Amino acid sequence: MSFAAVLLCGGKSTRMGRDKAFLDWHGRPLWQVQLEKLQQLSPHRLLISCREEQKVEQVFNLFSKAPELVYDPPNADDGPLGAITRCLELVRAPLLVLAVDMPWMTVDFLRDQILPGGFFRSPHGFEALCAVYEPNMLETLQNALAERRLALQRIIEACQPRIHELTTEHAPFFRNANTPEELTE
């Protein structure tokens, strides 16, 4: 399957108290670790959605193929919806989205469980930041963004994607590191 992939790392990291993209994960910045996972899947386009001041491009020489940067607009407060919409507009292809703060996600799980498509759903809602967004979702995303309806859960539901129920076996892969305590657990 031909697909593009994007690493989302432009969030404000308010609960963490510092930029999650640059957290140490086994001796390396978390964003580099996560980007390598996506690169191993061989997407036809690899993107990073971030804030310009994060300056992630300074170490692109570490990667065999430099990713494309998609900067959040200055003063934009449109969260992951804005980043996903901008990237999907750019690639117009299935887009694998991975949040920087999911360090327990593996390449094998991405390849075998996420890339086939659809969204995992738990009793708490869809796993919106590790999923494949299809081009046919773009108009719904654009409309929601224009109307400032930024909650991804309702938008995904409106798109009626294929749904996979999140099992206890799958749940550890989707763990987020939103606080220093969650990162060290």
Side-chain angles (χ1 to χ4, degrees), residues 1-74 76-91 93-116 119-120 127-133 152 170-185:
M1 168 175 115
S2 180
F3 69 98
V6 61
L7 178 64
L8 300 180
C9 59
K12 302 273 195 274
S13 306
T14 52
R15 287 180 282 176
M16 183 62 74
R18 58 190 176 125
D19 195 333
K20 289 188 272 188
F22 294 93
L23 292 173
D24 182 276
W25 186 255
H26 303 287
R28 299 180 51 225
L30 187 53
W31 77 267
Q32 290 179 21
V33 173
Q34 295 295 79
L35 188 67
E36 282 181 2
K37 291 175 187 177
L38 293 177
Q39 193 173 44
Q40 289 178 45
L41 297 169
S42 302
H44 77 271
R45 290 178 78 176
L46 181 61
L47 299 89
I48 298 178
S49 177
C50 62
R51 298 181 320 278
E52 191 169 0
E53 67 267 15
Q54 288 176 296
K55 305 225 181 284
V56 297
E57 70 278 4
Q58 293 177 350
V59 292
F60 277 3
N61 60 337
L62 299 175
F63 298 93
S64 59
K65 180 182 174 189
E68 300 172 53
L69 288 170
V70 181
Y71 290 125
D72 294 342
D77 193 19
D78 52 17
L81 173 62
I84 293 166
T85 303
R86 285 186 287 279
C87 291
L88 197 54
E89 286 171 340
L90 186 63
V91 300
L95 179 66
L96 170 61
V97 170
L98 178 62
V100 74
D101 66 355
M102 291 182 153
W104 296 278
M105 184 56 65
T106 67
V107 173
D108 288 341
F109 194 85
L110 287 167
R111 180 185 303 109
D112 300 338
Q113 302 295 322
I114 304 297
L115 274 178
F119 284 76
F120 278 84
E127 293 293 344
L129 301 183
C130 184
V132 175
Y133 286 75
L152 281 170
H170 297 141
F173 296 103
F174 291 95
R175 282 182 46 210
N176 292 90
N178 289 313
T179 66
E181 296 78 25
E182 289 174 341
L183 187 64
T184 58
E185 283 179 7

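Values below: every heavy atom of this structure, side chains too, minus hydrogens, waters and symmetry copies. All values derive from a computational prediction rather than experimental measurement.
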- Query: Do Gln34 and Lys37 have side-chain N/O donor and acceptor atoms under 3.5 Å apart?
  - Reply: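 Yes, a side-chain donor-acceptor pair sits under 3.5 Å.
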How close do [X] and [Y] get, counting heavy atoms only, and between which atoms?
X      : Y      : result
Leu7   : Ala99  : CD1-C, 4.1 Å
Pro172 : Trp104 : O-CB, 3.5 Å
Pro94  : Val132 : CB-CG1, 4.0 Å

Any non-hydrogen side-chain atom of [X] less than 4.5 Å from a side-chain atom of [Y]?
X      : Y      : answer
Leu129 : Asp101 : no
Cys9   : Ile48  : yes
Met102 : Asn176 : yes
Leu98  : Met105 : yes

Residues 78-91, side-chain donor-acceptor partners within the protein, below 3.5 Å, at least two apart:
{"residue": "Asp78", "atom": "OD1", "partner": "Arg86", "partner atom": "NH2", "Å": "3.4"}
{"residue": "Asp78", "atom": "OD2", "partner": "Arg86", "partner atom": "NH1", "Å": "2.9"}
{"residue": "Thr85", "atom": "OG1", "partner": "Leu81", "partner atom": "O", "Å": "2.7"}
{"residue": "Arg86", "atom": "NH1", "partner": "Gly82", "partner atom": "O", "Å": "3.4"}
{"residue": "Arg86", "atom": "NH2", "partner": "Asp72", "partner atom": "OD1", "Å": "3.4"}
{"residue": "Glu89", "atom": "OE2", "partner": "Gln142", "partner atom": "NE2", "Å": "2.8"}

In Å, rounded to the nearest 0.5 Å, how long is the span from [atom1] of [X] to [atom2] of [Y]?
X      : Y      : atom1 : atom2 : value
Cys130 : Leu110 : SG    : CG    : 5.0 Å
Leu35  : Gln40  : CG    : CD    : 10.5 Å
Leu96  : Leu47  : CG    : CG    : 11.0 Å

- Item | Ring centers of Phe3, Tyr133 separated by less than 6.0 Å | no
- Task: Not counting sequence neighbours, which residues clear ring-ring contact (aromatic ring centres under 6.0 Å, His included) with Phe120? List them please.
- Result: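 For Phe120, the residues satisfying ring-ring contact (aromatic ring centres under 6.0 Å, His included) (neighbours in sequence not counted) are Phe109, His164, His170, Phe174.
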